Undergrad: 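Mind having a look at this structure? Questions to follow.
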Amino acid sequence: MASLSFRHVYKKYPGGVTAVSDFTLEVKDKEFLVLVGPSGCGKTTTLRMVAGLEEITEGEIFIGDQLVNDVAPKDRKIAMVFQNYALYPHMSVFENMAFGLKLSKTPKEEIKRRVEEAARILDITHLLDRKPKALSGGQKQRVALGRAIVRNPKVFLLDEPLSNLDAKLRATMRTELIKLHQRVGTTFIYVTHDQVEAMTMATRIVVMKDGLIQQVDTPQNLYDYPCNLFVAGFIGTPQMNFINGILEAKGEDVFFKFEDKSVKLPADKANNPAIKDYIGKEVILGIRPECIHDEPVHLSTFRDSVIDAYVDVTELMGAEIYLYLKVGEETSLISRVSARSTSRAGDTIKVAFDMSRIHLFDKDTERFILH
C-alpha cells in the first residue's frame with residue numbers, strides 16, 4: 001500500500017499548451033481520491049503522469065517514498081483501469097486477468113491463486129472460461145478490475161471506468177467499487193466528469209478547471225463550503241442557483257436586492273465582518289434548489305425572504321419535484337420541493353429562501369465572501 005505525493009507538477013505540450021499547472025497534493029495511504037472537472041481540465045493527464053504514460057514537464061511525483069519521475073510504468077507498482085476496458089478479444093477472462101502476471105514471470109500456481117481470488121471478490125468465477133465478446137458491459141468492467149487486482153498494486157488508477165455503462169448499472173458498479181476499495185485496502189485515484197460519482201465514492205475530491213486545482217476537500221465540505229463560483233456550480237444536482245444583486249444596509253439589517261425583490265440576511269451573516277466592504281456593491285448570491293421552499297410552513301418560518309415567482313416548468317422526479325421558476329425579467333431559479341407540492345406550470349406562487357444557507361460570492365473574483 002502507498003501514499004502519493006505531487007509536488008508542483010506541470011504538464012506542458014509543444015505550442016505552449018499547459019494541461020496541468022502547479023499540481024501539489026498529498027494523497028493518504030488507502031484513500032479514495034476522486035479527480036473531477038469538465039472535459040479538458042487536466043484530470044486524465046494527471047492520472048497518466050502517475051502511471052508513467054505521460055512525461056512530467058516539471059515537478060515531482062512520489063509513490064510512497066520513491067520518486068517515480070523516471071521510473072518505467074511497469075515498475076511503478078500501479079494498476080490502471082481504462083474507460084474502454086482494453087481486454088484482449090482472443091483471450092478468455094482467465095487469460096486476460098493473468099496476462100500481466102505471466103509477463104512478470106509469476107509462477108503458474110501463484111497466477112491461478114491470484115486470479116481465482118480476484119474472481120471471487122468480483123463475483124466473476126463463472127465467467128473465467130468465456131471470451132470478452134460473450135460478456136456484458138458490467139462483466140467486462142469487472143474483468144478489467146480483476147486484471148488490476150491480481151497485480152496487488154500499491155495504487156489503483158481508474159480513468160472514467162463507468163462512463164460506458166447504462167445508468168442503472170453505473171449506480172450498481174459505484175457501490176461495488178466502494179466495497180472493493182474497502183476489501184483490498186489500496187489507494188484509489190479515480191477520474192470522472194460525473195460529480196455524482198465523485199460525491200458518492202470519494203474520501204476526498206479534487207475539483208479541477210483549466211489544469212488548476214480549484215479546491216480539495218471532503219464531499220460534504222465541498223457541497224457546503226465551495227471556495228468559488230465554479231466549485232459551487234459544479235458540485236450538486238441540480239446545480240446551485242446564482243442571482244446577481246446588490247447588498248443594502250438599513251440600520252442593523254442587511255438586504256439582498258435583485259430585480260424588484262428584497263430578501264433579508266440573517267443577523268449572523270449581516271454582522272459578518274466580510275460583508276462590510278460589499279455594502280452598496282454588486283454580489284452574486286448562491287442558493288441550493290432544496291433551500292427554496294413553496295410549502296406554507298416554510299413561508300411562515302422564512303417570512304423575511306418570501307418572493308413571488310412564476311412556475312415555468314415542473315419535473316416530477318418521484319420522491320420530489322423540480323420547479324423551474326422565473327423571477328422578474330432576468331432571474332431563473334430551480335427549486336427542489338416535496339412531491340406533495342401543489343405548484344403547477346403556469347402558476348404564480350410564493351417561495352421562501354432559507355437565507356441561513358445562502359452563499360455570497362464576489363462578482364469580480366468569483367471567490368466566496370461568506371457561507
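Counting begins at 1 with the first residue of the sequence. Remember, it's a predicted structure, so these values are computed and weren't measured experimentally.
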Undergrad: What do the steps show when you test Tyr13 against Thr45 for side chain to side chain contact (heavy atoms under 4.5 Å, CB included), and what is the final call?
TA: CA-CA 11 Å; Tyr13 290 104; Thr45 302; 3.8 Å; yes

Undergrad: Kindly indicate, with the supporting measurements, whether the criterion side chain to side chain contact (heavy atoms under 4.5 Å, CB included) is fulfilled by Val155 and Arg76.
TA: CA-CA 9 Å; Val155 181; Arg76 293 193 181 199; over 6 Å; no

Undergrad: Taking the six-membered ring for Trp, are Tyr190 and Phe32 parallel (under 30°), tilted (30 to 60°) or perpendicular (over 60°)?
TA: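 Rings of Tyr190 and Phe32: tilted, 30 to 60°.
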
Undergrad: Count the heavy atoms belonging to other residues, nucleotides or ligands that lie under 6.0 Å from OH of Tyr310, then report whether that count exceeds 12.
TA: yes

Undergrad: Short question: side chain of Asp75, backbone of Ala72 - any donor-acceptor pair under 3.5 Å?
TA: no

Undergrad: First locate atom CG of Leu265, then atom CZ of Phe255, and finally report the distance between them rounded to the nearest 0.5 Å.
TA: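 With rounding to 0.5 Å, CG (Leu265) is 9.0 Å from CZ (Phe255).
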
Undergrad: Quiz question: by atom type and distance under 3.5 Å, do the side chains of Glu26 and Ser5 form a donor-acceptor pair?
TA: yes

Undergrad: Does either side chain, that of Glu160 or that of His193, offer a donor lying less than 3.5 Å from an acceptor on the other one?
TA: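 Yes, His193 and Glu160 have a side-chain donor paired with an acceptor closer than 3.5 Å.
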
Undergrad: Measuring only between side-chain heavy atoms, which start at C-beta, is Leu128 closer than 4.5 Å to Met97?
TA: yes

Undergrad: Would you say Lys77 has more than 12 foreign heavy atoms packed within less than 6.0 Å of its NZ?
TA: no

Undergrad: Between Tyr225 and His371, how do the two ring planes meet: parallel, tilted or perpendicular, split at 30° and 60°?
TA: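 It falls in the perpendicular class, over 60°.
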
Undergrad: Can any side-chain N or O of Arg288 pair as donor or acceptor with the backbone N or O of Arg336 at less than 3.5 Å?
TA: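 Answer holds: no.
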
Undergrad: A quick test of your reading: do over 12 heavy atoms of other residues, nucleotides or ligands sit less than 6.0 Å from CG of Asp65?
TA: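 Open: at most 12 neighbouring heavy atoms sit under 6.0 Å from CG of Asp65.
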
Undergrad: Is it the case that the side chain of Thr187 and the backbone of Ala2 share a donor-acceptor pair, with hydrogens and angles ignored and the cut-off at 3.5 Å?
TA: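 Checking the backbone N and O of Ala2 against the side chain of Thr187, a donor-acceptor pair under 3.5 Å is found.
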
Undergrad: Side chains of Gln214 and Asn228 only: does a donor on one sit below 3.5 Å from an acceptor on the other?
TA: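 There is such a pair (donor and acceptor under 3.5 Å, judged by atom type) between the side chains of Gln214 and Asn228.
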
Undergrad: Which heavy atom of Ser341 sits nearest a heavy atom of Ser343, and at what distance?
TA: OG-N, 3.2 Å

Undergrad: For the atom pair CD1 (Ile307) and CG (Leu333), what is the distance rounded to the nearest 0.5 Å?
TA: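 With rounding to 0.5 Å, CD1 (Ile307) is 6.0 Å from CG (Leu333).
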
Undergrad: Between Ala118 and Gly146, which heavy-atom pair has the shortest distance, and what is it?
TA: CB-O, 4.1 Å

Undergrad: Kindly check if the number of other-residue, nucleotide or ligand heavy atoms within 6.0 Å of OH (Tyr223) is above 12?
TA: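 Buried by this count: over 12 neighbours within 6.0 Å.
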
Undergrad: Identify the heavy atoms of Asp194 and Thr192 that sit nearest to each other, and give their distance.
TA: N-OG1, 2.9 Å

Undergrad: Can a cation-pi geometry be assigned to Arg147 and Phe99, taking NZ or CZ under 6.0 Å from the six-membered ring centre and within 45° of the ring axis?
TA: no

Undergrad: Under the side chain to side chain contact (heavy atoms under 4.5 Å, CB included) criterion, do Asn69 and Glu60 qualify, and how do the steps go?
TA: CA-CA 6 Å; Asn69 287 36; Glu60 298 172 322; 4.2 Å; yes

Undergrad: To the closest 0.5 Å, what do you measure between NZ (Lys363) and CD1 (Ile246)?
TA: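 Spacing of NZ (Lys363) from CD1 (Ile246) equals 9.5 Å.
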
Undergrad: With a 6.0 Å cut-off (strictly less than), is the heavy-atom count around CZ of Arg151, excluding the residue itself, greater than 12?
TA: no

Undergrad: For the atom pair CD1 (Ile213) and OG1 (Thr46), what is the distance rounded to the nearest 0.5 Å?
TA: 8.0 Å

Undergrad: Do Val206 and Ile56 land in one hydrophobic cluster if side-chain heavy atoms of ILVMFWY residues count as linked below 4.5 Å?
TA: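 Yes, because Val206 and Ile56 connect within a single hydrophobic cluster, where side-chain heavy atoms sit under 4.5 Å apart.
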
Undergrad: Can you find a heavy atom in the side chain of Met80 that is under 4.5 Å from one in the side chain of Leu47?
TA: yes

Undergrad: If you apply the rule side chain to side chain contact (heavy atoms under 4.5 Å, CB included), what do you find for Leu247 with Phe256, and how did you get there?
TA: CA-CA 5 Å; Leu247 289 179; Phe256 178 76; 4.1 Å; yes

Undergrad: Are Val216 and Val207 connected into the same hydrophobic cluster when the rule is that any two of I, L, V, M, F, W, Y join if their side-chain heavy atoms are below 4.5 Å apart?
TA: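 No, Val207 does not connect to Val216 through the hydrophobic network.
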
Undergrad: Give, for atom CD1 of Ile369 and atom OH of Tyr278, the distance between the pair rounded to the nearest 0.5 Å.
TA: 4.5 Å

Undergrad: Indicate if Leu158 and Val50 have the same hydrophobic cluster label, given that clusters are the connected sets of ILVMFWY residues with side-chain heavy-atom separations under 4.5 angstrom.
TA: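 Unlinked, Leu158 and Val50 end up in two clusters.
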
Undergrad: May I ask you to say whether Asp308 pairs ionically with Lys350, meaning some side-chain N is under 4.0 Å from a carboxylate O?
TA: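 Salt bridge present between Asp308 and Lys350.
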
Undergrad: Please report the shortest heavy-atom distance between Ile349 and Val351, naming the atom on each side.
TA: CD1-CG1, 3.6 Å

Undergrad: Can you find a heavy atom in the side chain of Pro132 that is under 4.5 Å from one in the side chain of Val143?
TA: no

Undergrad: Answer yes or no: is there a donor N or O on one side and an acceptor on the other, between the side chain of Asn241 and the main chain of Ile287, under 3.5 Å?
TA: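 Answer holds: yes.
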
Undergrad: Give the minimum heavy-atom separation between Arg170 and Leu162, together with the two atoms involved.
TA: CD-O, 3.1 Å

Undergrad: Does a side-chain N-to-carboxylate-O contact under 4.0 Å join Asp123 and Arg142?
TA: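 Looking at Arg142 together with Asp123, the answer is no, because their closest N to O distance does not fall below 4.0 Å.
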
Undergrad: What's the shortest heavy-atom distance between Lys11 and Glu54, and which atoms?
TA: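 In terms of heavy atoms, the two residues are closest at CE-OE1, 3.5 Å.
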
Undergrad: For the hydrophobic clusters of this structure (ILVMFWY residues joined by side-chain heavy atoms under 4.5 Å, transitively), does one cluster hold both Val27 and Ile78?
TA: yes

Undergrad: Would you please classify the geometry between the Phe302 ring and the His298 ring as parallel, tilted or perpendicular, with 30° and 60° separating the classes?
TA: parallel

Undergrad: If hydrophobic clusters are built by linking Ile, Leu, Val, Met, Phe, Trp and Tyr wherever their side-chain heavy atoms come under 4.5 Å apart, do Phe230 and Met208 end up in the same one?
TA: no

Undergrad: For Asp129, look at atom CG and say whether over 12 heavy atoms of other residues, nucleotides or ligands are found less than 6.0 Å away.
TA: no

Undergrad: If you round to the nearest 0.5 Å, how far is CZ of Phe234 from NZ of Lys209?
TA: 11.5 Å

Undergrad: Might you work through the salt bridge (Lys or Arg N to Asp or Glu O under 4.0 Å) test for Glu95 and Lys102, ending with a clear yes or no?
TA: CA-CA 9 Å; Glu95 290 166 336; Lys102 283 182 180 174; 5.3 Å; no

Undergrad: Run the salt-bridge test on Glu117 and Arg120 with the 4.0 Å N-O cut-off and return the result as yes or no.
TA: yes

Undergrad: With the threshold set at 4.0 Å, does a side-chain nitrogen-carboxylate oxygen contact exist between Glu110 and Arg113?
TA: yes

